[in-house]
Amino acid sequence: MAKIRPMTFTLTTPLYYVNDRPHIGSVYTTLAVDTLARFKRLRGEKVMFITGCDEHGQKIQRTAELASLEPQQHCDTISDAYAATWAAWGISNDRFIRTTDPRHKLLVAQFFERVQAKGDIVEGRQQGWYCVACEEYKDDAASATAPDCPIHQRPLEWRDELNLFFRLSRYQAEIEALISQADFIRPASRRHEVENFVQGGLKDFSISRINLPWGIPVPGHGEHTFYVWFDALLGYITALLEPDDPADLDVALARGWPAQLHVIGKDILRFHAVYWPAMCMSAGIEPPQAVFGHGFLTREGQKMGKSLGNSLDPMRLLDICGADAVRWYLLRDIQFGDDGDIQQQRLLDLVNNDLANTIGNLLNRTIAMARKWFEGVPNPLQLPDSQHPLALGAAAASAQLDDHYGQLAFQRAAQDVLQLAIAANGYLSERAPWTAIKDPAKQEQVAEDIYAVLETTRLVGVLLAALLPDLSARLLAQLGLPPASDWQGQLHWGQLLPGQPLEEPTPILQRLELEEPL
RNA sequence: GGCUCGGUAGCUCAGCUGGUUAGAGCACGGGAUUCAUAACCCCGGGGUCGGGAGUUCAAGUCUCCCCCGAGCCA
């Protein structure tokens, strides 16, 4: 069955909770989504890449109080830190939405009205043990005396209040149907988890809190504010608004809903794959088309965290290693979806081997030969054509890359490009132009070989554009070319201009050498 | 406690519906080479595929039990 392709490919990172400054996990998610967004753009699709911050809830209010700040001040600070982080890493997001945006509040109200009109809002009494850090009720028995949150190791708080409930239970069948679609929840391993949960029977969940000033007021329900999770995900829709658009739900939806893909950490899969689609259905809005829950990062085998003091500061990492190196390491070495372990030695090995030695040196050595023997791109009588082994290799790499990006298999996509560079290096040693050039009768052959390898290197640069935008641009610049912008045109074999002069090469990436731990 | 997913070379992992001497990258050792960021290219060592039993002509690959780890739900 052919799916109708919407005009806009909307994809999102989570809206990061402003409880604390950005950590490496958020960077990881965002880098992955950035890569996918760049890939889609290179493939000629219109992309709407959304990220932002989720800023309401009791946890934020308390964190602000502890710092003697107004919640809004606190949110501004952290939110700015996120925006600055993305700018520093060169993230190509089209939107940065904050759930404290005035227009967001209006959309939440409109959304709520729709859900209420549908008869999906009821009053109920919520009793139980609550973890503020999770912003979640736990299943501990009411008779427990002083339970702790198993995740946060902090005391749970007893709550007994009147809340508004969303009648999630009404959507049991529809949610089951939705998540049974093969590609709705990925990776598949996590789908079973959600299926299990849903099979257990969906229960209505409370969507409001009383006595919580730091939240969006529930229209028509005086003292209630929305539970963070009810308003947060709507940020994906608010984000679609153009700067001059009115705060109107339908206008926003027309700008690019449904989202094609929500990329999130595995911990919030249920909210995105169950609660959120049901809320959309209730409001008469199409649910998102897919949710991908990736794994978590550890560091040298250990969980990262304040308590262990082994967190990896993203800004420091960026300063020391650079965005290219970190992007390469995280996306090339960790299967997206699985948990991954960050190891400093491994990072150095891979970055130095793959980027500096294999790809960087390929460019360097090839340009050096071209300059030395041909004063630029060689101009053989017969240009290597699209049947040249390297041309075939490049075409194959490109096809596989498409496939792998489609599966969010960044690791494989990275290896596709790397393989092409390895093939080019292998071709050089096989042809040994440095020997052949000594024989005047072989000048023509050398010209052909160098042209083929230079052209392959160009394609390596083009294919790298989504994964390593900066390094790709630096590589192409040394071939006298602009950054890759359109794969349709730029992936064809044979675009290097014969006879074009080449500047003296400079390493596109210095080998990393770290004396101290990151 | 129930369920799910893992346990394959020193490290990180591929191995689809069972079928030639179990693979890759990194690390390590050796060789070749000089165009190049002491880079590139080639070769090699190393694994009783968590343990045990079973099914089969044939099992990392299927079944059962056990051990270990992670997760989801209670």
Side-chain angles (χ1 to χ4, degrees), chain A residues 136 138-141 144 150-151 185 187-203 265-270 273-274 293-298 300-303 328-330 332-374 378 404 409 411-412 414-416 418-419 421-438 446-447 449-450 453-454 457 471 474-475 478 502 504-513:
Chain A
E136 225 179 8
K138 297 295 172 180
D139 294 318
D140 292 66
I151 297 169
I185 296 173
S189 52
R190 290 200 212 296
R191 191 169 108 211
H192 305 311
E193 238 171 66
V194 178
E195 279 172 346
N196 262 335
F197 170 75
V198 172
Q199 271 164 21
L202 294 176
K203 293 184 212 116
K266 60 184 182 179
D267 55 330
I268 53 175
L269 185 55
R270 196 199 302 170
V274 178
H294 71 248
F296 286 159
L297 299 176
T298 53
E300 312 291 350
Q302 289 191 302
K303 272 188 185 171
W328 182 256
Y329 173 61
L330 292 178
R332 125 102 219 229
D333 200 38
I334 297 167
Q335 166 127 37
F336 197 59
D338 290 355
D339 289 346
D341 190 41
I342 298 180
Q343 297 173 348
Q344 178 161 336
Q345 189 58 51
R346 176 97 179 141
L347 186 157
L348 296 185
D349 285 343
L350 288 187
V351 167
N352 288 342
N353 276 306
D354 299 344
L355 301 185
N357 297 351
T358 301
I359 293 172
N361 185 47
L362 170 67
L363 176 76
N364 212 272
R365 68 195 300 209
T366 312
I367 289 183
M369 287 185 275
R371 280 168 52 86
K372 187 183 257 185
W373 303 324
F374 305 99
H404 289 146
Q411 189 190 27
R412 296 189 180 223
Q415 310 234 22
D416 293 334
L418 188 61
Q419 283 313 313
I422 289 173
N425 275 321
Y427 187 77
L428 278 178
S429 44
E430 188 186 308
R431 309 288 291 182
W434 44 88
T435 305
I437 196 67
K438 293 171 186 162
V446 173
D449 289 345
I450 296 295
V453 174
L454 266 181
T457 307
L471 185 136
R474 271 180 271 138
L475 188 160
Q478 294 204 36
L502 292 169
E504 189 173 344
T506 54
I508 52 171
L509 188 94
Q510 283 302 339
R511 297 165 61 81
L512 287 177
E513 282 169 37

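Order of the sequence lines sets the chain letters (A, B, ...), proteins ahead of strands, with each chain counted from 1.
Remark: P of B/G71 and CZ of A/Phe296 are 10 Å apart, rounded to the nearest angstrom. Going from atom CG of A/Asp338 over to atom P of B/G7 covers 11 Å, rounded to whole Å. In this structure, A/Ile422 places its CD1 atom 14 Å from C1' of B/A39, rounding to the nearest Å. In this structure, A/His192 places its NE2 atom 13 Å from C1' of B/G6, rounding to the nearest Å. Summarising the geometry, the separation between NE2 on A/His404 and C1' on B/A14 is reported as 12 Å, rounded to the nearest angstrom. Distance, A/Glu513 CD to B/A39 C1': 13 Å, rounded to whole Å. Atom P of nucleotide B/A39 and atom CG of A/Leu512 are separated by 14 Å, given to the nearest angstrom. Atom-to-atom, CD1 of A/Ile334 to C1' of B/A14 comes out at 16 Å; the value is rounded to the nearest Å.
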I'd like a list of close polar pairs between nucleotides 8-10 of chain B and the protein, N/O only, cut-off under 3.5 Å.
none

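The C1' atoms of B/G60 and B/C49 are separated by 4 Å, rounded to the nearest whole Å. Comparing B/U37 with B/U21, their C1' atoms are spaced 40 Å from each other, to the whole Å. When the P atom is compared between B/G7 and B/C16, the two are found 11 Å apart, to the nearest whole Å. Comparing the C1' positions of B/C72 and B/G54 gives an interatomic distance of 31 Å, to the nearest angstrom. Look at the P atom in both B/G19 and B/C28: the space between them is 35 Å, to the nearest Å. Using P as the reference atom, B/C66 and B/G2 are 10 Å apart when rounded to the nearest Å. Separation of the P atoms belonging to B/A24 and B/C67 is 35 Å when rounded to the nearest angstrom. Distance noted for atom C1' between B/A14 and B/G6: 15 Å (whole Å).
With sequence neighbours excluded, the residues forming a side-chain contact (heavy atoms from CB on, under 4.5 Å) with A/Ile334 are A/Tyr28, A/Leu297, A/Leu330, listed by chain and number. Take A/Ala368 and apply the side-chain contact (heavy atoms from CB on, under 4.5 Å) test, not counting sequence neighbours, and it matches no residue. A search for side-chain contact (heavy atoms from CB on, under 4.5 Å) contacts involving A/Glu300 returns A/Gln343, A/Gln344, not counting sequence neighbours. Under the side-chain contact (heavy atoms from CB on, under 4.5 Å) criterion, A/Asp333 pairs with A/Tyr329, A/Arg346, A/Leu350, sequence neighbours left out.
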Give the intermediate values and the outcome of side-chain contact (heavy atoms from CB on, under 4.5 Å) for residues A/Asn196 and A/Gln199. CA-CA 5 Å; A/Asn196 262 335; A/Gln199 271 164 21; 4.0 Å; yes
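Side-chain N or O atoms of A/Gln411 include none that pairs as donor or acceptor with a backbone N or O of A/Phe336 at under 3.5 Å.
Counting non-hydrogen atoms of other residues, nucleotides and ligands closer than 6.0 Å to CZ of A/Arg371 gives a total above 12.
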Please list every donor-acceptor pair under 3.5 Å in which a side-chain atom of residues 356-365 of chain A meets a protein atom from a residue at least two apart or in another chain.
unit_1	atom_1	unit_2	atom_2	d
A/Asn357	OD1	A/Arg511	NH1	2.5
A/Thr358	OG1	A/Asn353	O	2.9
A/Arg365	NH1	A/Asn425	OD1	2.8

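Within the structure, ring-ring contact (aromatic ring centres under 6.0 Å, His included) pairs that include any residue of residues 348-374 of chain A do not occur (at least two apart or interchain). Under the salt bridge (charged side-chain N to carboxylate O under 4.0 Å, His left out) criterion, the residue pairs touching residues 428-438 of chain A are A/Arg431-A/Asp449, with sequence neighbours excluded. Counting only residues at least two apart or in different chains, salt bridge (charged side-chain N to carboxylate O under 4.0 Å, His left out) contacts with residues 336-345 of chain A comprise A/Lys266-A/Asp339. Sorted pairs that involve residues 337-368 of chain A and meet ring-ring contact (aromatic ring centres under 6.0 Å, His included), not counting sequence neighbours, are lacking altogether.
Counting heavy atoms from C-beta on, the side chains of A/Pro505 and A/Thr366 never come closer than 4.5 Å.
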For nucleotides 23-37 of chain B, 5' to 3', base contacts (B), sugar-phosphate-only contacts (S) and non-contacts (-) with protein non-hydrogen atoms under 4.0 Å give --BSS-----SSBBB
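Across the interface with RNA chain B, nearest-nucleotide mapping of A/Gln335 and A/Glu193 shows A/Gln335 to be the residue nearer the 5′ end. Take the nearest nucleotide of RNA chain B for A/Lys266 and for A/Asp341: the residue whose nucleotide is more 5' is A/Asp341.
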Would you sketch RNA chain B in dot-bracket for me? Only Watson-Crick or G-U wobble pairs with both distances under 3.5 Å count, crossing pairs as [ ], other-strand pairs as |, the rest as dots. (((((((..((((.....[...)))).((((.........)))).....(((((..]....)))))))))))).
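B/G50 has its base anti relative to the sugar, with a glycosidic angle deviating from 0 by more than 90°.
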